[in-house]
K.L.:
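Got a structure for you, questions after.
For the numbers below, each heavy atom of this structure counts, side chains included, while hydrogens, waters and symmetry mates do not. Note that the structure is predicted; figures quoted are calculated from it, not measured.
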Amino acid sequence: MIDGTAGVSGRRDADEALLDNPDALAEHDPGGMLRHTASAGAQVRESAALAAEANLAVLADDGRPRAVVIAGIGTAGRTGDVLATVAGPRCPVPIIGHRSAGVPGWVGAADVVIAVSASGRSPEALGAAEAAHRRGARLVAVGAPDSQLQSVAERARAPFIPVPRRAPARASLWALTVPVLLAARSLGLVKVNEADLAETAARLDADADRCRSAAESFVNPAKSLALGLAGSIPIVWGSSPLATVAARRFGDTLSANARYPVVTGALGEAGRGRVGLLDGVFGGLAEGERDIFADPAEDDGEGTRLRLVLLRDGGLNADDDTDEPLAVEERRADAVQTLAERRGVRCDVVTAEGGSALERLASLIAVPDFASIYLALAHGLDPMAVPAITEMKELSNQ
């Protein structure tokens with residue numbers, strides 16, 4: 001009999017003081033998730049070097065593919081979203097994420113399949129790699145060295161980029177993403193040069209320094225964001241396709257690290273219905289009943305409220321072809337901030353910085369990644385160990 005509460009620990013209310021105690025943070029983070037997340041810049045550099053050693057040039061021998069399928073689940077699957085948004089609307093072929101075993105029925109010799117797995121043994125990536133080989137599709141595999149995925153790639157005589165597993169998959173986004181981007185570059189689908197990679201790595205390093213555990217909450221943007229989200233129901237919306245990828249990534253990390261329920265998506269889609277959440281029982285209705293003179297520390301927990309996090313692209317590439325004019329995206333973001341203010345729903349804004357799409361994306365992901373870990377630690381949760389995941393595997397395998 002499995003104890004349904006085995007390994008479950010922590011506290012419902014966030015301990016704000018803990019976040020300004022580096023020793024306590026280290027004690028509550030035995031797996032080193034903060035350290036792993038701070039390695040994002042190093043991941044970019046290492047994976048770029050490993051990809052350069054792989055024989056990716058052979059991908060171009062058969063010309064441009066009909067389509068590219070990115071096969072993987074979880075963080076591995078997010079690499080396809082990053083590729084699609086960095087390639088942008090000018091990409092000459094469709095980039096399709098596939099998050100189940102095998103490949104779509106139409107995949108054949110005219111297509112490329114990129115199978116991604118941090119462990120090198122996920123059924124989704126392995127099934128896709130084997131199916132691609134059987135169907136004669138060009139294959140690229142990204143994952144742990146000396147793994148099952150590497151064996152499949154070797155049998156298929158396909159390029160394999162070995163990514164040493166130095167961190168949990170959810171803290172390895174950049175280690176897995178860079179090889180995918182460089183494989184797509186070899187196919188002529190995306191423009192990512194060495195300067196873009198270097199600037200992105202530098203941006204991630206700088207954000208890791210700003211978000212370090214020794215930096216106090218009032219100067220640490222990740223700790224400030226975590227404290228703002230504490231006890232709320234987060235809604236994370238992206239103002240552009242690029243910012244939406246970052247919003248969905250934040251949803252992944254808030255759920256996995258901090259165990260918070262979260263609504264994520266594109267601001268354009270929100271305007272078709274989900275923006276109504278601001279009027280609902282956790283939004284305007286709850287805020288309308290708030291006693292403005294009440295002590296927030298005495299909240300009895302019955303007044304859970306929304307907290308809006310808006311990721312804004314900033315419109316730095318105004319000359320690019322986009323699905324919507326940047327002016328429309330900016331006006332929509334301004335409108336949602338005004339709506340939230342009118343209803344008393346608190347809103348945090350993270351604005352992209354950087355010259356390339358990849359660097360801007362990194363600037364929207366880095367601080368939220370750290371914030372999800374600080375939020376977990378404030379609740380006394382180990383951001384790496386998730387008992388429910390282990391229990392689900394045990395129950396599923398019985």
Side-chain angles (χ1 to χ4, degrees), residues 1-38 74-75 167-173 211-218 220-236 248-264 282 286 295-309 346 348 365-396:
M1 178 74 67
I2 297 175
D3 181 359
T5 61
V8 177
S9 61
R11 64 183 71 86
R12 190 181 188 282
D13 297 321
D15 181 356
E16 298 186 14
L18 185 144
L19 294 190
D20 287 331
N21 185 336
D23 292 335
L25 288 172
E27 180 182 347
H28 286 76
D29 184 22
M33 280 292 283
L34 284 172
R35 183 181 70 256
H36 293 314
T37 302
T75 301
R170 71 190 110 111
S172 303
L173 175 67
C211 298
R212 67 192 185 278
S213 60
E216 296 183 343
S217 298
F218 67 92
N220 186 320
K223 290 181 181 180
S224 297
L225 180 55
L227 292 174
L229 291 171
S232 73
I233 300 174
I235 297 181
V236 189
R248 290 184 172 133
R249 162 68 178 180
F250 195 19
D252 293 343
T253 58
L254 278 175
S255 297
N257 294 333
R259 284 65 134 176
Y260 264 54
V262 57
V263 177
T264 66
F282 299 106
D295 184 355
E298 297 179 359
D299 190 343
D300 59 8
E302 296 181 358
T304 302
R305 298 174 175 89
L306 298 180
R307 182 82 177 207
L308 178 61
V309 180
R346 291 169 174 79
D348 296 285
I365 288 177
V367 171
D369 270 6
F370 279 101
S372 70
I373 298 171
Y374 284 125
L375 185 56
L377 296 174
H379 283 286
L381 297 166
D382 179 350
M384 182 178 291
V386 185
I389 294 177
T390 302
E391 189 174 340
M392 182 176 178
K393 291 178 180 177
E394 292 174 351
L395 292 169
S396 300

K.L.:
Where do M384 and P168 come nearest, in terms of heavy atoms and distance?
P.N.:
CE-CG, 3.4 Å
K.L.:
For P234 and L229, work out which heavy atoms get closest and say how close.
P.N.:
CB-CD2, 3.9 Å
K.L.:
Show the nearest heavy-atom pair for residues R11 and A378, with the distance to one decimal.
P.N.:
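Closest approach of R11 to A378, heavy atoms only: NH1-O, 3.0 Å.
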K.L.:
Heavy atoms, side chains only, cut-off 4.5 Å: are F250 and L225 in contact?
P.N.:
yes
K.L.:
Could you check whether any side-chain N or O of Y260 sits under 3.5 Å from a backbone N or O of G231, counting only pairs where one atom can act as donor and the other as acceptor?
P.N.:
yes
K.L.:
Which distance, rounded to the nearest 0.5 Å, do you find between the CD1 of I233 and the CZ of R305?
P.N.:
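These two atoms lie 11.0 Å from each other.
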K.L.:
If you define the side chain from C-beta out and look only at heavy atoms, does anything of H36 sit under 4.5 Å from I373?
P.N.:
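Not touching, per the 4.5 Å side-chain cut-off.
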K.L.:
Side chains of Y374 and N220, heavy atoms from C-beta outward: is any pair under 4.5 Å?
P.N.:
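Yes, close enough: below the 4.5 Å cut-off.
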K.L.:
Which distance, rounded to the nearest 0.5 Å, do you find between the OG1 of T37 and the CD1 of I365?
P.N.:
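If we round to the nearest 0.5 Å, T37:OG1 and I365:CD1 are 12.0 Å apart.
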K.L.:
Tell me the closest heavy-atom pair linking L19 and S217, and the distance in Å.
P.N.:
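So the minimum-distance heavy-atom pair works out to CB-OG, 4.2 Å.
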K.L.:
Check whether any side-chain heavy atom of T75 sits under 4.5 Å from a side-chain heavy atom of R249, and report yes or no.
P.N.:
yes
K.L.:
Evaluate the side-chain proximity of D23 to E27: yes if any heavy-atom separation is below 4.5 Å, no if none is.
P.N.:
no
K.L.:
Quick one: pull up CG in N21 and CD in E216 and give me the separation to the nearest 0.5 Å.
P.N.:
11.0 Å
K.L.:
Looking only at heavy atoms, which two atoms of S232 and L306 are closest? And how far apart?
P.N.:
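For S232 and L306, the tightest heavy-atom pair comes out as CB-C, 4.4 Å.
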K.L.:
Can you name the closest pair of heavy atoms from A167 and A171 and give their distance?
P.N.:
CB-CB, 4.1 Å
K.L.:
Considering only heavy atoms from C-beta outward, does the side chain of N257 approach that of R170 to under 4.5 Å?
P.N.:
yes
K.L.:
Taking C-beta and beyond as the side chain, do M33 and L377 meet within less than 4.5 Å on heavy atoms?
P.N.:
no
K.L.:
Heavy atoms, side chains only, cut-off 4.5 Å: are M392 and S396 in contact?
P.N.:
yes
K.L.:
Between atom CZ of R35 and atom CG of D29, what is the distance when rounded to the nearest 0.5 Å?
P.N.:
8.0 Å
K.L.:
Does any N or O in the side chain of K223 come within less than 3.5 Å of the main-chain N or O of S213, such that one atom is a donor and the other an acceptor?
P.N.:
yes
